[in-house]
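Since the structure comes first, as structure tokens, the remarks are kept for the end.
Excluded from the calculations below are hydrogen atoms, water molecules and symmetry mates; all remaining heavy atoms, backbone and side chain alike, are included. Along the sequence shown, residues are numbered consecutively beginning with 1.
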Amino acid sequence: MSTEAVVLEWMALRAALFDWLGAAGVAYEGTRDAIVAGMTALDGRLAADLAFVYHVATMAEWDETFGVTEAQVRTVADASARLLTAFQSGWDRDPK
């Protein structure tokens, strides 16, 4: 269930990222462009959180040999929570 939890966490975070970018009027084509736009607008810690969650979730989803521990699930959840808070609080840096 740890692998599924990480993938679902990413899906929720990705939807929030798309909403955040859309509300700011930022055009993007696909997840890769959205991640680049998000990382450009976010500060160092949040940009690193976004990259981390994306990479762990992608590995969890596509590499059947990639194991996810309970501790890693908590780390992903914490990083996602920081990002969701930033997106939902009207992050002061427009992603433009």
Q. Can V7 be reached from V53 by stepping across I, L, V, M, F, W or Y side chains whose heavy atoms are under 4.5 Å apart?
A. no

Q) In terms of side-chain heavy atoms, does Q72 have a donor or acceptor partner in T69 at a distance below 3.5 Å? A) yes

Q. If you look at every heavy atom in T40 and V36, which pair is closest and at what distance?
A. OG1-O, 2.7 Å

(Q) Within this structure, what is the CZ-OH distance for the pair R32 and Y54, rounded to the nearest 0.5 Å? (A) 9.0 Å

(Q) F52 and side chain to side chain contact (heavy atoms under 4.5 Å, CB included): which single residue from D49, L50, V56 fits? (A) V56

Q) How far apart are the closest heavy atoms of S2 and V68, and which atoms are they? A) CB-O, 3.4 Å

Q: Mind running side chain to side chain contact (heavy atoms under 4.5 Å, CB included) on L46 and F87 for me, showing each step along the way?
A: CA-CA 10 Å; L46 292 172; F87 295 156; over 6 Å; no

Q | Heavy-atom closest pair, residues V6 and A60 | A | CG1-CB, 4.3 Å

Q: Could you grab the distance from atom CD of E61 to atom CE of M11, nearest 0.5 Å is fine?
A: 7.5 Å

Q.
What I'd like to find out is whether the side chain of L13 reaches to under 4.5 Å of the side chain of L17, using heavy atoms alone.
A. no

Q) Taking side chain as C-beta onward, heavy atoms only, is R82 less than 4.5 Å from T85? A) no

Q. Shortest non-hydrogen contact from L21 to A37?
A. CD2-CB, 4.0 Å

Q) So if you build clusters from Ile, Leu, Val, Met, Phe, Trp, Tyr with side-chain heavy-atom gaps below 4.5 Å, do L8 and L84 land together? A) no

(Q) Rounded to the nearest 0.5 Å, what separates atom CZ in R14 from atom CG in D19? (A) 12.0 Å

Q | Heavy-atom pair of closest approach, residues A34 and F18 | A | CB-CE2, 3.5 Å

Q: Enter the distance from D78:CG to L83:CG here, rounded to the nearest 0.5 Å.
A: 11.5 Å

